[in-house]
2 protein chains.
Amino acid sequence: MTSHGDDVQGGEDRSGTGDRAAAKESPDVEVPAARERARAIPEAAVARLAVYLRVLSGFDEESVTTVSSEELAAAAGVNSAKLRKDLSYIGSYGTRGVGYEVSVLIGQIERTLGLTRKHSVAVVGIGNLGHALANYGGFPSRGFPVSALFDLDPDLDGVPVGGIPVRHVDDIVEVCQEREVTIGVIATPAQGAQEVCDRLVAGGVSCILNFAPVVLQVPDDVEVRKVDLAVEMQILSFHVARRQQDAATANGADLGPLDGAGPVPAEMDSVNGMVVRP
Amino acid sequence: MTSHGDDVQGGEDRSGTGDRAAAKESPDVEVPAARERARAIPEAAVARLAVYLRVLSGFDEESVTTVSSEELAAAAGVNSAKLRKDLSYIGSYGTRGVGYEVSVLIGQIERTLGLTRKHSVAVVGIGNLGHALANYGGFPSRGFPVSALFDLDPDLDGVPVGGIPVRHVDDIVEVCQEREVTIGVIATPAQGAQEVCDRLVAGGVSCILNFAPVVLQVPDDVEVRKVDLAVEMQILSFHVARRQQDAATANGADLGPLDGAGPVPAEMDSVNGMVVRP
DNA sequence: CTTTGTGAAAACATTCACAGCC
DNA sequence: GGCTGTGAATGTTTTCACAAAG
């Protein structure tokens, strides 16, 4: 039910719980109640919990034992009301008038995010990015040991990268089953990505982090998140454009209502379906 | 205005327009009207427009000249209503009963995203990830030429990576101003990131893509997006946990509506502020 | 008849503001 | 006094469903 047909995968969107199918398939029972707990946490809040966890780890290393919602929120870059709301989804672990105990909060967030269990990771596509991912210290240190690497290139077969020998993509199914890989990272070019994805799924992998610029087709019980650098850049580009346009129109507006549209290119006059200049 | 204090930066969240500050600072004029156009496009829709653009480019290469909302939506992994709504934000460029002309749509989305102008990119931190980014073909091919690389390591000074010589981070301000860099990519470890960010901003960079696991402090007129691999993994982990838990509770619930709440822990009755069981 | 474009409704997420507890 | 936890209010995004257009 997660990440099926509609909804752009991972990366940017992050809205909608992705659980519409569950509601549809049993119209008799309104709310299954028992399986609500985890589902009840908004997708957006889950993402922030991961950020809080990192910030809390920092506090913990500095031997800070207690934080207020205000402090934690500031460090995480959110406002305190949102932080308290997010934490309320996982339970009440604060003390009124005092704040939260860092170690308790770390434990509860880890439990909620399922980090008490190790998730072994496979990286497919050992090019520039795959290399970087295989060597990325952030994975193992946070409970995500990289336990398999794959590439199409036979020359790489057996070559160790970051201490792990690369295997051929033909072995994906076998190796993933054997090592109980739960998370597959796709760092291949676009062409191979769907095929790789299919093999990962056949190997029992239920979560995929996709760096390839394609929309993957997966069964309903597989979760996909997408990181697309080009998309990120284009979103930034949009904001540059908006800012420049704002600045341009502000110039025209400040000096009273003379022409104002002087430096604006010709095709500018109809944007967004609204005629801006008569 | 964009990405200030509240709101987790980039990456996950992507909600809220981020323009609250603009509204606050001029309480006299209710809606400035002229600077509305681009702002009116929801953040989430902007991200999807970038995806549509990639899919459309694919169609274009296959010499497909016309697509319906249904086809395009399927290829982009969204539902057609959402796609049409998204496209409606940038104008009416379809033909009822027929569909959209691929080339027209590509042009309009590029214009909306500000891709008619080149954005030169600087990458800071030439480690594993920085290397991958410097060599990443997706940037230049999509109008984002990488025009500067920086690293702290003096040994790298002058060494070409992907054809571009690495410069020392001390030169960031100077080089960014000189080459009119608009987008800065931070691929350094956490420690250096804020300092690097400050220099990029001093060098006139108004958009930052941050791979370092820290929340950056920036002026209101700088846009930050964050890509955090550990966070992505943890979100996936959460979904694994939720699925397993669902499966476990489903075992207890399948056998008809006898007690039904049997295996539910005590704290279950109040979730999300609503009493689930009477 | 097919498909777009879009108001209106529903779902979702954030912020407010304050009761309740320490 | 200070801070958490949370209903209620507000704002945003998605979905529905259908009139308008070719």
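All chains are named by letter (A, B, ...) in the order of the sequence lines, taking the proteins before the strands, and each is independently numbered beginning at 1. Atom set for the values below is all heavy atoms of this structure, side chains included, hydrogens, waters and symmetry mates excluded.
In this structure, OH of B:Y100 is placed 16 Å from P of D:dA21, rounded to the nearest angstrom. To the nearest angstrom, P of D:dC3 lies 14 Å from CG of A:L72. One atom, CG of B:L87, and another, P of D:dT14, lie 13 Å apart when rounded to the nearest Å. Per the geometry, CZ belonging to B:R84 stands 10 Å off C1' belonging to D:dC16, to the nearest Å. Residue B:L83 contributes atom CG, which lies 14 Å from atom C1' of D:dT15 at whole-angstrom precision. Rounded to whole Å, atom P of D:dT13 lies 7 Å from atom OH of B:Y89. Atom-to-atom, CG of B:D86 to P of D:dT15 comes out at 10 Å; the value is rounded to the nearest Å. Atom CD of A:E70 and atom P of C:dT15 are 13 Å apart (whole Å).
Put simply, A:R96 has no side-chain N or O that comes within less than 4.0 Å of OP1 or OP2 on C:dA19. Considering only side-chain N and O atoms, A:N79 lies under 4.0 angstrom from the phosphate OP1 or OP2 of C:dT15. Note on B:R48: a side-chain N or O is less than 4.0 Å away from OP1 or OP2 of D:dT14. OP1 and OP2 of D:dC3 both lie 4.0 Å or more from every side-chain N or O belonging to A:S68.
Between B:T65 and B:D60 the shortest side-chain heavy-atom distance does not fall below 4.5 Å. Looking at heavy atoms from C-beta onward, B:L105 lies out of side-chain contact with B:Y52 at the 4.5 angstrom threshold. Proximity of A:V231 to B:R54: side-chain heavy atoms (C-beta onward) are separated by under 4.5 Å at one or more points.
For B:A44, taking side-chain heavy atoms from C-beta onward, the closest of the listed nucleotides D:dT14, C:dA13, D:dG5 is D:dT14. In this structure, of C:dG7, C:dT4, D:dA8, it is C:dG7 that holds the atom nearest to the side chain of B:K85. Considering only the side chain of B:T95, D:dG22 comes nearest among D:dG5, D:dG22, C:dA13.
Taking the charged nitrogens against the carboxylate oxygens, A:R225 and A:E43 do have a contact shorter than 4.0 Å, which makes a salt bridge.
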_Apply side-chain contact (heavy atoms from CB on, under 4.5 Å) to residues A:F238 and B:L115 and explain how you reach the verdict._
CA-CA 8 Å; A:F238 169 79; B:L115 302 176; over 6 Å; no
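Judged by closest nucleotide on DNA chain C, A:A81 is the one of A:G97 and A:A81 placed further toward the 5' end.
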